[in-house]
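Below you'll find the structure, written out as structure tokens, and then a few comments.
Chain A is the first sequence line, chain B the second, and so forth, proteins listed ahead of strands; every chain is numbered from 1.
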Amino acid sequence: MDASLLTIQPNAPEPIYRQIVEQLRRLIASGQLVTGDLLPSVRDVAGFHAINPMTVSRAYGLAENEGLLERLRGKGMAVAATQRAAHTQVQRLALLEPQLLELARHARELELPPDPVLRRLSKLLEE
Amino acid sequence: MNAMLRESTSTGTAPLAAHGLMHSYEGSSVLRGVDLALEPGSVLGLIGRNGAGKSTLIRAMLGLLQPLSGSALVFGEPALKLGDDAKSRLAYVPQQPEALAWLTAQQMLEYVGRFYPRWDADFAGRTLERWKIQPNKLLGKLSPGERQRVDLIRALASQPELLVLDEPAAALDPVARRELLREVALRAGESGTTVLFSTHIVSDLERVASEIAFLHEGRLLLRCGVDETKERYARLWLPASKSAAAPAQSLSRRRHDDGSLSLVVERDAHGRWPEAADLPGARIDALGLEDLFVEIAE
């Protein structure tokens with residue numbers, strides 16, 4: 001995996017370390033990262049994105065605690081063996097929950113009935 | 001407000017520490033009692049509006065001006081009486097460098113390099129080229145932006161233990177700015193350099209800072225880890241009908257024309273938002289640092 005695979009939005013309300021963990025979770029759930037894949041070093045990620053190395057360490061540490069990553073002696077971080085190549089559909093859908101809640105909220109604020117929103121969403125999903 | 005200011009760093013080990021700094025210019029108060037200490041290896045972003053007192057605070061912390069009252073320590077020594085050893089471990093880039101105007105950029109870097117035991121001449125030469133400074137032009141003839149870039153190169157090439165930058169972003173284009181941030185981030189993370197930098201460009205600070213301090217009207221409003229700040233504060237919006245239920249404690253409170261209310265609120269010790277957030281129609285919005293800053297600095 002390359003550091004450029006991560007997208008960092010420094011000015012988002014979500015802290016950068018959470019953005020990293022969230023992206024790792026998605027990359028692993030979708031099978032883009034598989035067991036044994038090595039992660040870029042803390043220095044590479046920090047250097048590429050011009051972010052504090054401590055932030056990257058914190059993200060990796062958290063991902064390790066969650067069982068997403070494991071530390072390989074002398075090699076750095078890798079995608080953990082316990083991770084299935086791809087999660088079940090239910091698990092992957094659960095990862096989308098925050099965005100769906102946000103979308104539902106916006107739709108209600110705009111007083112849009114569900115039908116046109118769902119139609120547009122279906123269209124987008126088929127693209 | 002004082003409960004929010006952290007006093008975890010003991011001033012004994014802090015590379016840079018200030019206690020009770022007060023200062024004024026021509027009778028108007030600029031610093032109204034500032035306590036601030038940096039932990040070794042931390043990157044503290046000092047943020048505030050123009051005129052909030054950021055430069056004055058930095059200058060007072062480094063002993064470049066004598067405050068009306070209060071004290072500052074650099075590596076544990078009184079800032080106003082710094083020894084040569086402490087000075088060689090410290091690099092400061094002011095907003096408008098003026099020293100040594102009669103030298104060319106190259107001459108200046110060669111000259112000052114002799115005073116720093118860990119001077120990185122390679123880095124200086126390389127960065128001069130990358131940041132497009134003509135090495136043979138007199139410093140006095142450079143634009144203010146170019147002048148500050150040369151001074152940033154000087155500061156970084158000296159490989160300081162303590163790096164203090166006053167609004168470094170103003171002089172740099174986006175590419176060079178990103179390079180500077182990368183240097184700052186990696187040096188803090190790998191060499192344990194302690195960094196204090198002031199800026200009004202919040203996204204720079206969000207990339208590299210481990211902590212932020214909001215300076216507002218001469219006082220520190222908030223001092224917190226960047227991640228914790230984002231997780232701990234949010235904007236609570238209450239419709240007019242529920243505004244009476246607003247929590248008494250909030251960092252800021254703004255009533256809108258329709259009677260609704262916006263408040264900046266904080267999670268309690270158990271991570272919960274104030275009860276009013278659960279009222280029908282109430283809404284909690286996560287805040288980026290810039291929004292938070294605008295909300296509480298208004």
Give a yes or no on this: more than 12 heavy atoms of other residues, nucleotides or ligands lie within 6.0 Å of atom [atom1] of [X].
| X | atom1 | value |
| --- | --- | --- |
| B:E290 | CD | no |
| B:R49 | CZ | no |
| A:R105 | CZ | yes |
| B:E190 | CD | yes |
| A:R43 | CZ | no |
| A:E109 | CD | yes |

Looking only at B:L289, B:D291, B:L287, the option with the highest number of non-hydrogen pairs under 4.5 Å against chain A is B:L287

Which heavy atom in [X] sits nearest to a heavy atom in [Y], and how many Å separate them?
| X | Y | answer |
| --- | --- | --- |
| B:L181 | A:A50 | CB-CB, 4.1 Å |
| A:P53 | B:G189 | CG-CA, 3.8 Å |
| B:A286 | A:P13 | CB-CB, 3.5 Å |

Heavy-atom distances under 4.5 Å only: say whether A:E102 touches chain B with side chain, backbone, both or neither.
->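 When you check distances to chain B, no heavy atom of A:E102 falls under 4.5 Å.
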
Do [X] and [Y] have side-chain heavy atoms sitting under 4.5 Å apart?
| X | Y | result |
| --- | --- | --- |
| A:N52 | B:S210 | yes |
| B:E231 | A:E14 | no |
| B:D227 | A:R18 | no |
| A:P15 | B:V226 | no |

field: Check: A:H49 main-chain N/O paired with B:R207 side-chain donor or acceptor under 3.5 Å
entry: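 Flag set: sc B:R207 to bb A:H49 pair under 3.5 Å.
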
Legend entry - Sidechain-backbone polar pair: B:K230 side chain, A:N11 backbone, donor-acceptor under 3.5 Å: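 No, B:K230 side chain to A:N11 backbone: no donor-acceptor pair under 3.5 Å.
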
With rounding to the nearest 0.5 angstrom, report the OG to CD distance, B:S203 to A:Q9.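 Spacing of OG (B:S203) from CD (A:Q9) equals 11.5 Å.
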
TODO: Sort B:L186 into side chain, backbone, both or neither according to what part of it lies under 4.5 angstrom from a heavy atom of chain A.
DONE: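 Both parts, backbone and side chain.
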
- For B:V43, is it the side chain, the backbone, both, or neither that has a heavy atom closer than 4.5 Å to a heavy atom of chain A?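 B:V43 touches chain A through side-chain heavy atoms alone.
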
